[in-house]
Amino acid sequence: MKEETRVGRTSGMMNKGCCFRLAAWLALSGLPGAGMAEILPAEEVLLPAPSACRSDRAAVAHLPLRLAVYAPEKDVPVVEALLNVLNAQGVLSGLSITCDKASADAVCSVEGTPSGTGEGYEARLERGGEGRGILHLKAAAPQGLFYAWQSMVQILSANRTGEGFSVPVFFPPG
């Protein structure tokens with residue numbers, strides 16, 4: 001069963017601009033846990049809260065500071081544009097496209113048919129060999145992929161270490 005996480009307005013009182021400013025402020029300020037020894041699961045970090053998410057605090061995945069991102073050939077222009085925006089924001093830096101899926105730290109794709117506003121996405125963080133993390137971000141529309149990356153900025157910023165990021169694995173329930 002496929003779960004869709006919607007990011008955007010959680011109530012009529014917050015518009016998208018407000019959410020972006022809040023997310024950027026949290027990420028840039030290092031809140032809610034940068035530099036802390038405690039790892040924070042996705043559902044405790046994300047604003048607005050996802051519609052569904054499960055984390056496993058016992059399984060921590062490690063990601064480098066500079067993420068190599070793989071996208072299927074058809075999605076490279078969209079993903080490249082998103083990475084340029086994220087690199088320009090300065091919260092995550094050194095994001096780059098790779099053609100080698102096996103060595104990628106993140107895999108992004110636009111697939112399926114958008115429903116509603118197209119802002120929904122599915123995200124999961126797997127733990128591979130030796131604790132290496134691999135982010136999987138999937139959306140039916142480019143807007144959803146944009147929101148997936150905005151959520152990843154929050155999660156990664158809250159779990160930043162000196163060498164990279166240490167994040168509890170997370171996945172949609174089901």
Side-chain angles (χ1 to χ4, degrees), residues 5 7 16-50 52-71 75-76 78-109 121-139 144-173:
T5 303
V7 176
K16 289 179 190 172
C18 181
C19 288
F20 293 141
R21 286 189 297 276
L22 179 59
W25 178 82
L26 286 171
L28 291 172
S29 68
L31 295 174
M36 295 177 63
E38 180 184 9
I39 55 171
L40 297 170
E43 57 269 25
E44 291 182 18
V45 174
L46 291 175
L47 289 176
C53 183
R54 245 180 27 192
S55 293
D56 181 357
R57 283 183 189 251
V60 176
H62 304 285
L63 293 160
L65 286 174
R66 297 182 181 273
L67 301 176
V69 181
Y70 172 83
D75 298 330
V76 167
V78 169
V79 173
E80 218 167 31
L82 287 171
L83 298 183
N84 287 337
V85 168
L86 290 165
N87 281 324
Q89 287 175 341
V91 178
L92 293 179
S93 60
L95 296 165
S96 62
I97 292 279
T98 182
C99 296
D100 182 17
K101 188 175 183 180
S103 68
D105 303 304
V107 176
C108 296
S109 61
Y121 65 88
E122 183 178 298
R124 74 180 190 278
L125 174 62
E126 294 178 348
R127 181 179 170 182
E130 298 180 16
R132 180 178 173 267
I134 304 168
L135 279 171
H136 293 271
L137 307 175
K138 180 171 55 174
L145 208 49
F146 173 79
Y147 287 117
W149 273 107
Q150 293 302 315
S151 294
M152 294 312 103
V153 166
Q154 291 179 53
I155 294 167
L156 294 174
S157 294
N159 290 289
R160 188 175 187 143
T161 67
E163 302 82 40
F165 308 97
S166 294
V167 183
V169 297
F170 58 87
F171 41 90

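Heavy-atom basis, side chains included; hydrogens, waters and symmetry copies ignored.
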ask   = Stepwise, does the side chain to side chain contact (heavy atoms under 4.5 Å, CB included) test hold for I155 with F170?
value = CA-CA 10 Å; I155 294 167; F170 58 87; 4.1 Å; yes

note = salt bridge (charged side-chain N to carboxylate O under 4.0 Å, His left out) filter on D75, not counting sequence neighbours, yields none

request  = With sequence neighbours left out, write down each residue that passes salt bridge (charged side-chain N to carboxylate O under 4.0 Å, His left out) with R127, or none if nothing qualifies.
outcome  =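 Listed in chain order: nothing, the list is empty.
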
Hey, could you give me the [atom1]/[atom2] distance between [X] and [Y], rounded to the nearest 0.5 Å?
| X | Y | atom1 | atom2 | answer |
| --- | --- | --- | --- | --- |
| Q154 | N159 | CD | CG | 11.5 Å |
| E126 | R124 | CD | CZ | 4.5 Å |
| L95 | L86 | CG | CG | 6.0 Å |
| L156 | L67 | CG | CG | 6.5 Å |
| L145 | M152 | CG | CE | 10.0 Å |
| H136 | C108 | NE2 | SG | 10.0 Å |

Residue pair [X] / [Y], side-chain heavy-atom distance below 4.5 Å:
| X | Y | value |
| --- | --- | --- |
| R160 | L65 | yes |
| L135 | L63 | yes |
| L92 | W149 | yes |

For [X], what residues pass the side chain to side chain contact (heavy atoms under 4.5 Å, CB included) criterion, not counting sequence neighbours?
| X | result |
| --- | --- |
| D56 | A58, A59, V169 |
| R57 | E38, P41, E44 |
| S103 | T98, D100 |

Taking all non-hydrogen atoms of both residues into account, name the closest pair between [X] and [Y] and its distance.
| X | Y | value |
| --- | --- | --- |
| L137 | A123 | CD2-CB, 3.6 Å |
| Y121 | A139 | CB-CB, 4.1 Å |
| V76 | A71 | CG2-O, 3.7 Å |

inquiry  = Taking side-chain hydrogen bond (donor to acceptor under 3.5 Å, both in side chains) as the cut-off, I'd like each qualifying pair that reaches into residues 161-171, sequence neighbours left out, listed once.
reply    =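 Pairs touching residues 161-171 that pass the test: H62-S166.
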
request  = Just do the side chain to side chain contact (heavy atoms under 4.5 Å, CB included) check on C53 and F171 with the steps written out, would you?
outcome  = CA-CA 6 Å; C53 183; F171 41 90; over 6 Å; no

inquiry  = For L83 and I97: C-alpha separation, side-chain torsions, deciding distance, then whether side chain to side chain contact (heavy atoms under 4.5 Å, CB included) applies.
reply    = CA-CA 8 Å; L83 298 183; I97 292 279; 3.9 Å; yes

note = Residues passing the side-chain hydrogen bond (donor to acceptor under 3.5 Å, both in side chains) test with E43, sequence neighbours excluded, are S55

query = Could R66 and D105 be called an ion pair, given the rule that one side-chain N must be under 4.0 Å from one carboxylate O?
reply =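 Judged by the 4.0 Å cut-off on N to carboxylate O distance, R66 and D105 do not form a salt bridge.
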
key: F165 vs L125, side chain to side chain contact (heavy atoms under 4.5 Å, CB included): CA-CA, chis, key distance, verdict   = CA-CA 12 Å; F165 308 97; L125 174 62; over 6 Å; no

